[in-house]
Amino acid sequence: MSVKLFTPFKVKNITIKNRIVMSPMCMYSCSNEDGMVGDWHYTHYTSRAVGQVGLIIVEATAVTPQGRISPRDLGIWSDDHIDGLSKLTQMIEEHGAVSGIQIAHAGRKAVLDGEIIAPSAIPFNESMKTPKEMSIDEIKETVRAFGKAAERAKKAGFKIIEIHGAHGYLINEFLSPLTNKRSDEYGGTLEKRYRFMKEIIEEVKLVWDGPLFVRVSANDYSDGGLNPADYVTMAHWMKEQGVDLIDVSSGAVVPANIPTFPGYQVPFANQIRNEANIPTGAVGLITNGTQAEEILQNGRADLVFIARALLRDPYWPRTAARELKYDLEAPEQYRRGWMI
Ligand SMILES: Cc1cc2nc3c(=O)[nH]c(=O)nc-3n(C[C@H](O)[C@H](O)[C@H](O)COP(=O)(O)O)c2cc1C
């Protein structure tokens, strides 16, 4: 049986050489508060490309300054960010990986000076700030900011855009009834709570015809919160809107006990994939090649997103190949070295 982890995945016009995705991870490593890519980012992402990751999704990158999680987050709120991001996509692609970027707004989970915003004025917990309830104008401006961010991502040469709809950040705050108590057209039924996401997808698609992923938190793990079945419904809507893949994470919208174990979120990716008939990515405590291969072979997801294991081992794909006895050819530069 062929090793599925190392088979290509085609989405729209883009072919990813294998099924291994570097999951977006904020590194809070800008050298100051301007959101600019720096040497640290070039080294960090390019080393994972050299390590044979198929698709690198650059960390949650803020569509407005207020949408950062921390002051040191990457930004895509200004045209000034395009040059640094372009160099980053070039470096990633030179080493054979496809470059993607996650565009994001932190909402009430921003840890910043000044005002923070959310659908409703409810803090995440006692130690976090109370956000301001967004006006309709602020909602429209934020939707436009996602569109502008997509336009800049395109100019910077990214091949895939992922919208961050998970982990209790702004979009997720609109989706969940635990955080969205609005009584206007953006709150109430699931369809109304989905409206902010719907408008963002529409706005992004005005300027972006490449592959579009959305990350979701498929379970709030809390009474009265969202569950995987709600996300199957929303996955149908996203599919109708032209979303190409759902990257299925969970939790963090409200403080809750999350039962974690190897592959704990894979059942959600499986449910959405098979009930909404849309490609999915599985993420969460996927740490070895055998586990990743089983997820793919059993049709539970189309891609595996690897996060902390790739922080520990930038060459994780090689480690996985060795484990699966798959002959992953070394990059040409290394082979040249062997000949000396
Ligand atoms: C340091 C760190 C930063 C993260 N930042 C992001 C992020 O920017 N966007 C996101 O969607 N998830 C983020 N995550 C979550 C990861 O992408 C991933 O979903 C999670 O760590 C579970 O996968 P793992 O068990 O392979 O680490 C972050 C995780 C870590 C450890």
Side-chain angles (χ1 to χ4, degrees), residues 5 19-30 35 37 40-41 44-45 48 51 53-63 67-76 85 88 99-107 109-111 146 149 153 158 160-173 175 197 200 212-219 221 231 245-253 258-269 272 280-292 295 301 303-314 316-317 319-320:
L5 190 59
R19 306 298 178 109
I20 303 167
V21 182
M22 180 178 182
S23 195
M25 278 178 284
C26 271
M27 291 287 108
Y28 315 109
S29 292
C30 291
V37 175
W40 197 89
H41 302 98
H44 173 66
Y45 288 110
R48 274 72 192 178
V53 168
L55 164 63
I56 292 184
I57 303 192
V58 170
E59 65 200 78
T61 304
V63 301
R68 288 171 294 175
I69 301 167
S70 88
R72 297 298 171 110
D73 286 13
L74 281 182
I76 189 160
L85 291 168
L88 188 57
S99 61
I101 186 167
Q102 189 184 55
I103 53 175
H105 191 299
K109 288 176 92 176
V111 186
F146 272 93
F158 284 101
I160 288 174
I161 290 182
E162 175 167 286
I163 296 172
H164 196 349
H167 302 163
Y169 296 114
L170 188 62
I171 297 175
N172 196 177
E173 290 160 20
L175 296 177
M197 170 82 97
I200 288 172
L212 182 62
F213 294 6
V214 175
R215 174 166 272 199
V216 299
S217 271
N219 197 339
Y221 302 104
Y231 277 94
L245 180 139
I246 302 186
D247 165 13
V248 186
S249 186
S250 70
V253 71
I258 302 180
T260 57
F261 49 87
Y264 66 104
Q265 298 170 145
V266 175
F268 310 142
I272 291 173
T280 58
V283 66
L285 288 177
I286 303 168
T287 53
N288 65 69
T290 308
Q291 187 194 3
I295 292 167
L303 296 174
V304 287
F305 284 57
I306 311 293
R308 287 163 293 182
L310 265 169
L311 293 185
R312 290 189 284 268
D313 175 8
W316 187 89
T319 311

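This chain uses plain numbering: 1 for the first residue, then up along the sequence. Just so we're clear, the structure is a prediction, and the values are computed from it rather than from any experiment. Each ligand, and each atom within it, is numbered from 1 in the order the structure gives.
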Please write down residue, atom name and distance for the protein heavy atom closest to atom 10 (C) of ligand 1.
-> Arg215 NH1, 3.4 Å

Contact (N/O only, under 3.5 Å) between Pro24 and ligand 1 = yes

List the closest protein heavy-atom neighbour of atom 30 (C) of ligand 1: residue, atom name, distance to the nearest 0.1 Å.
-> Met25 CG, 3.8 Å

Geometric N/O contact Tyr264 with ligand 1, under 3.5 angstrom | no

Look only at interatomic distance and state if Leu285 has a nitrogen or oxygen under 3.5 Å from any nitrogen or oxygen of ligand 1.
-> yes

Flag Ile286 as yes when one of its N or O atoms lies below 3.5 Å from any N or O atom of ligand 1, and as no otherwise.
-> no

Exercise: do Arg312 and Thr287 side chains pair donor with acceptor under 3.5 Å = no

Any idea how Phe305 and Phe213 line up, ring-wise: parallel (<30°), tilted (30 to 60°), or perpendicular (>60°)?
-> tilted

Under 3.5 Å: donor-acceptor pair, side chain of Gln102, backbone of His164 | no

Element-labelled atoms of ligand 1 that are located less than 4.0 Å from some non-hydrogen atom of Ser23 = 16 (C), 17 (O), 18 (C), 19 (O)

Does the side chain to side chain contact (heavy atoms under 4.5 Å, CB included) test come out yes or no for Gln265 and Ile258, once each step is laid out?
-> CA-CA 10 Å; Gln265 298 170 145; Ile258 302 180; 5.9 Å; no

When rounded to the nearest 0.5 angstrom, what distance separates CD1 in Ile246 from OH in Tyr231?
-> 10.0 Å

What class does the angle between the rings of His167 and Tyr169 fall in, given that below 30° is parallel, 30 to 60° is tilted and above 60° is perpendicular?
-> perpendicular

Any idea which atoms of ligand 1 are less than 4.0 Å away from a heavy-atom of Val283?
-> 18 (C), 19 (O), 23 (O)

Nearest to atom 27 (O) of ligand 1, what protein heavy atom do you find, and at what distance?
-> Arg308 NE, 2.5 Å

In the protein, what heavy atom is nearest to atom 5 (N) of ligand 1, and what distance, to one decimal place, separates them?
-> Cys26 N, 2.8 Å

So, is Glu59 polar-close to ligand 1, with some N/O to N/O distance under 3.5 Å?
-> no

Nearest heavy atom to atom 21 (O) of ligand 1 wins, so pick from Ala252, Gly281, Ala307.
-> Ala307

Do the side chain of Thr319 and the main chain of Pro317 share a donor and acceptor less than 3.5 angstrom apart?
-> no

Can you find an N or O of His164 that's nearer than 3.5 Å to an N or O of ligand 1?
-> yes

So is Gly284 close enough to ligand 1, meaning a heavy atom under 4.0 angstrom away?
-> yes

Test side chain to side chain contact (heavy atoms under 4.5 Å, CB included) applied to His44 and Met22, step by step | CA-CA 11 Å; His44 173 66; Met22 180 178 182; 3.5 Å; yes

At what distance, to the nearest 0.5 angstrom, does CG of Leu310 lie from OG of Ser23?
-> 9.0 Å

Does Ala60 reach ligand 1 with a nitrogen or oxygen that is under 3.5 Å from one of the ligand's nitrogen or oxygen atoms?
-> yes

The single option from Ile57, Leu85, Ile56 passing side-chain contact (heavy atoms from CB on, under 4.5 Å) against Ile101 | Leu85

Should you measure from each heavy atom of Gln102, which atoms of ligand 1 turn up under 4.0 Å away?
-> 7 (C), 8 (O), 9 (N), 10 (C), 11 (O)

